[in-house]
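Computed from a predicted model, the values in this text were never measured in an experiment. Every chain is numbered from 1 and lettered A, B, ... according to where its sequence line falls, protein lines coming before strand lines.
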There are 2 protein chains.
Amino acid sequence: MTDRPVPPPADAGGATEQTGVGGTAGAEPATARGEQTRQLILDTALRLFRERGYAQTTMRGIAKEAGVAVGNAYYYFSSKEHLIQEFYAETGVEHRARAAAVLARETEFAPRLRGVLHAGIDTLAPSHEFAATFFKTAAEPTSPLSPFSPESSPTRQASIALFRETLTGSTAKVDPELRDELPELLWLAYLGVVLYWVHDRSPGQAKTRTLINGAVPLIDRLVGLSRLRVLRPVTRDVLGLIRTLRP
Amino acid sequence: MTDRPVPPPADAGGATEQTGVGGTAGAEPATARGEQTRQLILDTALRLFRERGYAQTTMRGIAKEAGVAVGNAYYYFSSKEHLIQEFYAETGVEHRARAAAVLARETEFAPRLRGVLHAGIDTLAPSHEFAATFFKTAAEPTSPLSPFSPESSPTRQASIALFRETLTGSTAKVDPELRDELPELLWLAYLGVVLYWVHDRSPGQAKTRTLINGAVPLIDRLVGLSRLRVLRPVTRDVLGLIRTLRP
DNA sequence: CACGGAAGTTGAACGTGTTCGACATCGCGG
DNA sequence: CCGCGATGTCGAACACGTTCAACTTCCGTG
């Protein structure tokens with residue numbers, strides 16, 4: 001399908017768009033054989049996504065290439081989109097690994113943040129072609145793949161934790177009030193960078209690197225400035241608004 | 001289909017995702033009969049989208065309801081997604097109309113911006129259910145529906161012009177350097193508001209209203225502050241970065 | 001060893017968006 | 001009035017994502 005047509009027209013209720021949340025995420029393999037098949041299908045799928053792009057890769061193609069029936073792929077992954085969630089997870093793990101190397105050697109806030117952001121793009125880089133075409137599914141609010149969805153919570157929390165570590169592990173002096181909220185804001189900024197990267201058509205996505213290199217000093221300076229008398233009220237108001245807006 | 005599988009596997013070139021840009025946007029009717037049919041199909045489609053949601057509305061359903069063949073719909077609109085672009089256009093026109101009323105009576109920057117932002121959400125409000133599910137197609141960089149795409153240029157320029165009018169028609173004193181760039185930044189902020197709105201699950205999307213009411217004074221204050229000595233360099237750097245990053 | 005249920009696997013079948021060659025209707029020049 | 005090309009219309013056919021009832025394989029228990 002593509003757009004999740006509610007399968008049984010149950011839900012006598014109304015014309016709501018209803019999607020996802022309760023949706024089965026595919027089976028967690030219980031045996032070694034299952035685990036192996038699952039991994040085979042996943043590897044094949046991600047390889048084909050990178051080789052041919054997301055849209056040009058069909059579930060039939062994945063199944064044939066992996067040597068299984070199409071129904072078998074659906075036994076482990078409840079939809080084509082769910083294969084992407086696995087991609088997210090893998091990406092997140094690699095991002096944190098790369099970031100750890102940076103955080104181990106840098107102590108100042110700016111270089112730490114700069115390194116972590118670049119590490120994220122480094123991780124994503126090989127998949128730029130195909131990432132661009134599926135990021136749209138992540139943009140749908142009702143999709144379990146949305147970075148704000150409950151299903152993405154583990155990945156999101158891990159990512160926010162990474163930015164918390166980036167901040168608290170640094171020598172930066174930060175308004176204590178801001179200190180609690182900043183990691184989430186940095187994560188949001190990272191989302192913005194990724195959004196820019198997805199749209200970035202410059203060779204090697206060089207402009208995204210420019211964005212990071214230019215934005216980090218600005219963020220750094222702004223964080224320092226936030227303790228200034230003239231800016232104090234602004235800072236307070238921003239934080240207040242954010243707290244109000246959080247779901 | 002849904003995900004634009006390059007129809008003929010031509011393009012011997014490579015595995016690029018290739019999409020859109022050259023894609024036919026459907027026929028511009030040349031006769032009165034054509035114009036009438038086109039409008040009938042469009043009205044039917046948008047009505048069904050609002051009634052049933054985007055995914056639950058099928059091209060066959062639209063055709064049947066409009067009393068035409070499915071192939072006929074494709075004569076005027078080259079894909080289901082292209083029906084959405086029409087929705088954008090209609091929305092933009094209504095937004096500008098509502099905004100004009102506000103701009104006619106307000107002279108200060110903050111209330112003007114506040115009014116224009118609320119007008120945008122007012123316009124979108126009746127379509128929240130269905131807007132949420134298709135905004136994802138707008139998020140795909142290669143999609144003609146992306147707000148950054150060449151195809152969206154007219155709508156985008158009109159929207160930016162609206163924010164320019166919001167600013168220049170006001171009594172606000174703005175750093176002349178900022179004055180040129182600010183409208184585009186305000187448009188970006190509007191996009192951010194819409195993005196929040198799409199994800200906003202609060203009753204009546206009340207939180208989006210809170211966001212607008214809270215963010216506008218902040219923006220207003222920040223714009224004023226930008227002329228301050230301490231912030232001058234930051235302002236310069238931000239503007240420099242933006243100019244570098246623009247495609 | 002036999003059996004029974006859980007786990008894994010299959011592929012035909014459904015409804016979808018989209019395409020395309022054939023047909024219908026129109027308006028205009030002869 | 002007759003053609004004839006452009007414009008509009010049609011619906012069967014295609015490939016896709018997804019479902020599901022039937023089947024097979026596996027393993028622990030009696």
Side-chain angles (χ1 to χ4, degrees), chain A residues 1-10 19-20 23-41 45 48-49 52-64 66-84 133-134 137 143, chain B residues 1-10 19-20 23-41 45 48-49 52-64 66-84 133-134 137 143:
Chain A
M1 44 68 100
T2 274
D3 274 289
R4 209 162 343 210
V6 173
T19 295
T24 147
E28 215 51 42
T31 72
R33 171 167 67 123
E35 181 56 42
Q36 202 171 339
T37 306
R38 192 194 126 99
Q39 202 55 234
L40 171 65
I41 293 169
L48 291 185
F49 285 165
R52 312 178 183 173
Y54 181 71
Q56 283 72 27
T57 303
T58 71
M59 291 301 281
R60 287 171 177 79
I62 295 170
K64 174 177 276 189
V68 301
V70 59
N72 201 2
Y74 280 92
Y75 181 74
Y76 293 105
F77 306 95
S78 56
S79 76
K80 192 181 174 187
E81 287 187 2
H82 270 84
L83 284 162
I84 294 176
T133 68
F134 77 62
T137 72
S143 167
Chain B
M1 33 81 66
T2 273
D3 273 287
R4 210 164 339 214
V6 172
T19 294
T24 149
E28 215 49 42
T31 73
R33 173 167 66 121
E35 180 57 42
Q36 203 170 339
T37 308
R38 191 193 125 99
Q39 201 55 234
L40 171 64
I41 292 169
L48 291 186
F49 284 165
R52 313 177 182 174
Y54 181 71
Q56 282 74 28
T57 303
T58 70
M59 291 302 282
R60 287 170 178 78
I62 295 170
K64 174 178 276 187
V68 301
V70 61
N72 201 3
Y74 279 92
Y75 182 74
Y76 293 105
F77 306 94
S78 56
S79 75
K80 191 181 175 188
E81 287 188 4
H82 270 84
L83 285 163
I84 294 176
T133 70
F134 78 60
T137 72
S143 167

A.B. asks: By nearest nucleotide on DNA chain D, pick out whichever of A/Thr31 and B/Ala32 is the more 5' one.
C.D. replies: B/Ala32
A.B. asks: Could you tell me the separation between the CE atom of A/Met59 and the C1' atom of C/dG15, rounded to a whole number of Å?
C.D. replies: 17 Å
A.B. asks: So, under a plain 3.5 Å distance rule, would you say the side chain of B/Arg60 forms a donor-acceptor pair with the base of C/dG15?
C.D. replies: no
A.B. asks: Please report the distance, rounded to the nearest Å, between NZ in B/Lys80 and P in C/dT19.
C.D. replies: 15 Å
A.B. asks: Check the distance between C/dT19's C1' and B/Tyr75's OH and give it to me in whole angstrom.
C.D. replies: 15 Å
A.B. asks: B/Ala30 side chain: which of C/dT18, C/dG17, D/dT7 is closest?
C.D. replies: D/dT7
A.B. asks: List the protein contact pattern of nucleotides 20-25 of chain D with one symbol per nucleotide (5' to 3'): B for base contact, S for sugar-phosphate-only contact, - for none; contact means a heavy-atom distance under 4.0 Å.
C.D. replies: ------
A.B. asks: In whole angstrom, what separates A/Lys64's NZ from D/dC16's C1'?
C.D. replies: 14 Å
A.B. asks: Could you check if a side-chain atom of B/Thr37 sits within less than 4.5 angstrom of a side-chain atom of B/Tyr75, using non-hydrogen atoms only?
C.D. replies: no
A.B. asks: What's the CD-P distance between B/Glu35 and C/dC26, to the nearest Å?
C.D. replies: 17 Å
A.B. asks: Identify whether any heavy atom of B/Val70 sits under 4.0 Å from a base atom; if not, whether one sits that close to sugar-phosphate; answer base, sugar-phosphate or nothing.
C.D. replies: base
A.B. asks: Has A/Lys80 got its NZ or CZ under 6.0 Å from the middle of the six-membered ring of A/Tyr54, at an angle within 45 degrees of the ring axis?
C.D. replies: yes
A.B. asks: What integer distance in Å separates A/Ile62:CD1 from D/dC16:C1'?
C.D. replies: 12 Å
A.B. asks: Does a nitrogen or oxygen in the side chain of B/Thr37 sit under 4.0 Å from OP1 or OP2 of D/dT9?
C.D. replies: yes
A.B. asks: If I take atom CZ in residue A/Arg38 and atom P in nucleotide C/dT9, what distance separates them, rounded to the nearest angstrom?
C.D. replies: 13 Å
A.B. asks: Counting heavy atoms from C-beta on, name the nucleotide in D/dG8, C/dT10, D/dT18 closest to the side chain of B/Pro29.
C.D. replies: D/dG8
A.B. asks: Specify the separation, in whole Å, of atom CZ of A/Arg52 and atom C1' of D/dC16.
C.D. replies: 14 Å
A.B. asks: Hey, what do you get for CD (A/Gln36) to OG1 (A/Thr31), rounding to the nearest 0.5 Å?
C.D. replies: 9.5 Å
A.B. asks: Hey, what do you get for CD1 (B/Ile41) to CD1 (B/Ile62), rounding to the nearest 0.5 Å?
C.D. replies: 9.0 Å
A.B. asks: Rounded at 0.5 Å granularity, tell me how far CZ in A/Arg38 sits from CG in A/Asn72.
C.D. replies: 12.5 Å
A.B. asks: To the nearest 10 degrees, what angle separates the axes at the start and end of the helix from C/dC1-D/dG30 to C/dG30-D/dC1, five pairs each?
C.D. replies: 30°
A.B. asks: Checking B/Glu35 now: which residues fulfil side chain to side chain contact (heavy atoms under 4.5 Å, CB included) with it, not counting sequence neighbours?
C.D. replies: B/Pro29, B/Gln39
